[in-house]
> 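The structure is given below, and queries will be raised subsequently.
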Amino acid sequence: MMRSNTAIGRRLLLLGLLSAVLMTLDHQQRHIEAIRGGLSLVVAPLQFAVHFPGYLYDYTTETLQSRNTLLAENASYHEQQLYLKARLQRLEALEKENQRLRHLLKSAARAGDRVLVAKLLQIDPDPFSHRVILDKGAQQGIYQGQPIIDANGVLGQITKVGPTTSVALLLTDVSHAVPVESNRSGVRSIAVGTGKLNQLELRHATSTFDLMPGDLLVTSGLGQRFPAGYPVGRIVDIEKNSALPFVKVTIKPSADLERAREVLLVWPEGSAREPLPQVTFSLPEVDQQVTE
Amino acid sequence: MTSEFKLSGKTILLSLLFALALSITPWPNVISWLQPEWVLLLLIYWSISLPLQFGVGTAWMVGLFQDSLMGTVLGEHAFACALVVYFALQFRLRFRLYPIWQQAMCVLLIILLAKIFIFWVEGLLGRQPALWQFWLPVITSFLIWPVLRTSLDSLLLPDAVVNSD
């Protein structure tokens with residue numbers, strides 16, 4: 001009938017060893033991509049099912065909107081488009097000028113980075129880590145370490161890739177850091193997550209750094225993971241305490257970390273990996289440095 | 001006292017799928033902190049009710065799926081689940097004779113052990129949850145056990161010889 005207690009104990013011991021091996025391999029991200037990929041394929045339907053009510057709600061509120069709201073929205077979009085077009089004209093001129101100047105300096109002009117839109121499938125139910133799951137995976141050419149952004153700035157990077165889904169770590173997670181530079185003074189530093197949404201900190205910033213509240217910090221491109229020039233956040237507070245070796249610089253991220261439903265996956269220009277061609281498009285290059 | 005009857009695998013599978021779905025449903029922070037450990041509770045329930053169909057191996061597989069769903073390192077929840085079922089099986093015979101609140105106390109201890117394991121692993125990986133709210137599910141699991149036990153007994157095991165009080 002029932003298995004004896006010692007037999008169960010032995011099985012538990014075996015499973016414990018198996019778990020330890022799996023955890024070690026998974027943590028070092030070696031050899032078990034196939035297992036992870038297979039598992040994530042199996043559980044993907046469940047994830048879709050859990051988030052289906054949310055999609056349904058979004059869909060119905062969208063289709064049942066009144067005509068007036070739609071008209072008003074349309075009008076405001078027209079206005080916005082006109083405004084953006086006007087700005088774009090100026091930017092195009094600046095871009096040309098920038099290219100010419102770079103050419104003069106004999107440095108390669110930066111082409112536009114390629115991007116792909118992905119939807120958030122799920123936000124990590126664990127309230128102590130800032131991770132999201134996206135609906136694009138290896139089949140779309142997503143790779144580990146790929147930067148993700150939204151309309152306003154850098155969101156984070158991809159940490160795990162499955163065949164159709166992928167896991168992204170947000171900027172504000174305690175284990176995330178991104179090399180940045182000040183758009184105003186060019187001071188370089190590293191922005192690390194604090195575990196609180198909407199707050200980053202600079203690591204090892206001394207009181208002699210040329211930083212001021214209100215400074216825009218952009219990715220510096222050092223570390224070769226994030227392409228240079230994407231906004232990361234604005235400095236909101238600099239706390240100088242003479243008892244501490246470093247000043248505490250608090251940053252508010254530019255990206256809408258709490259609100260983003262759609263994100264952009266970026267293939268930095270010049271990276272060895274290429275997205276599948278039919279699903280991508282090119283962004284007009286906007287150089288943050290020049291607009292300031 | 002025998003309660004070694006068979007139940008269709010479908011019911012078990014569906015209930016576990018439901019528990020897994022609950023564990024990844026996005027809630028506002030307060031509610032997600034108060035969510036009981038549905039998967040562990042169900043594993044305890046099934047392993048004491050159907051010890052023939054349900055062992056540590058099955059629990060380990062369930063935990064592996066939970067790891068994949070939650071994006072934690074593979075093997076973390078898997079071993080926690082196996083641990084829970086191991087202790088549930090060890091105490092199984094005594095467990096069925098306990099009054100319901102004493103059962104809930106046992107459930108609390110077993111789930112606390114699993115949470116300590118998860119806390120330890122996350123700490124090793126450098127992601128130790130710093131907030132005391134991490135431990136709240138242990139309390140809510142304790143409180144929900146009597147309700148879960150009686151409702152599942154009457155729902156799923158109508159023909160069974162169940163020795164609950």
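No experiment lies behind these values; they were computed from the predicted model shown.
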> Looking at every non-hydrogen atom in both residues, tell me the closest pair between B/Leu74 and A/Met23 and how far apart they are.
O-CG, 3.1 Å
> Output the option from B/Thr72, B/Val73, B/Leu22 having the highest count of non-hydrogen pairs under 4.5 Å with chain A.
B/Val73
> Around atom CH2 of B/Trp120, are there more than 12 heavy atoms of other residues, nucleotides or ligands at under 6.0 Å?
no
> If you take all heavy atoms of B/Phe79 and A/Gly16, which pair is closest and at what distance?
CE1-CA, 3.1 Å
> Provide the closest heavy-atom pair for A/Ser19 versus B/Gly75 in the form atom of the first, atom of the second, distance.
CB-O, 3.6 Å
> Side chain, backbone, both or neither: which part of B/Phe18 has a non-hydrogen atom closer than 4.5 Å to chain A?
neither
> Which heavy atom of B/Ala21 sits nearest to which heavy atom of A/Val50, and what is that distance?
CB-CG2, 3.5 Å
> Say you draw a straight line from CH2 of B/Trp60 to CG of A/Leu12; how long is it, rounded to the nearest 0.5 Å?
12.0 Å
> Is the number of heavy atoms from other residues, nucleotides or ligands within 6.0 Å of CD (A/Gln224) greater than 12?
no
> Can you tell which part of A/Val21 gets under 4.5 Å to a heavy atom of chain B, answering side chain, backbone, both or neither?
neither
> About how many Å separate CD of B/Glu76 and CG of A/Leu22, when rounded to the nearest 0.5 Å?
12.0 Å
> Please give me the minimum heavy-atom distance between A/Val43 and B/Phe65, naming the atom from each residue.
CG1-CD2, 3.7 Å
> Is there a side-chain contact between A/Leu39 and B/Leu69 (heavy atoms, below 4.5 Å)?
no
> Would you mind checking which part of B/Val121 comes under 4.5 Å of any heavy atom in chain A, side chain (CB onward), backbone (N, CA, C, O), both or neither?
side chain
> Identify the heavy atoms of A/Arg131 and B/Met70 that sit nearest to each other, and give their distance.
NH2-O, 4.5 Å
> I need the A/Gln47 CD to B/Ser68 OG distance, nearest 0.5 Å.
7.0 Å
> Is chain B contacted by the side chain of A/Ser40, its backbone, both, or neither, given a heavy-atom distance below 4.5 Å?
both
> Enter the distance from A/Arg11:CZ to B/Leu89:CG here, rounded to the nearest 0.5 Å.
10.5 Å
> Just verifying a value: how many Å separate A/Leu46 CG and B/Ile24 CD1, rounded to the nearest 0.5 Å?
5.0 Å
> Is A/Ile133 in contact with chain B via its backbone, its side chain, both, or neither, using a 4.5 Å heavy-atom distance?
side chain
> Which bit of B/Leu124 comes within less than 4.5 Å of chain A, counting heavy atoms only: side chain, backbone, both or neither?
neither
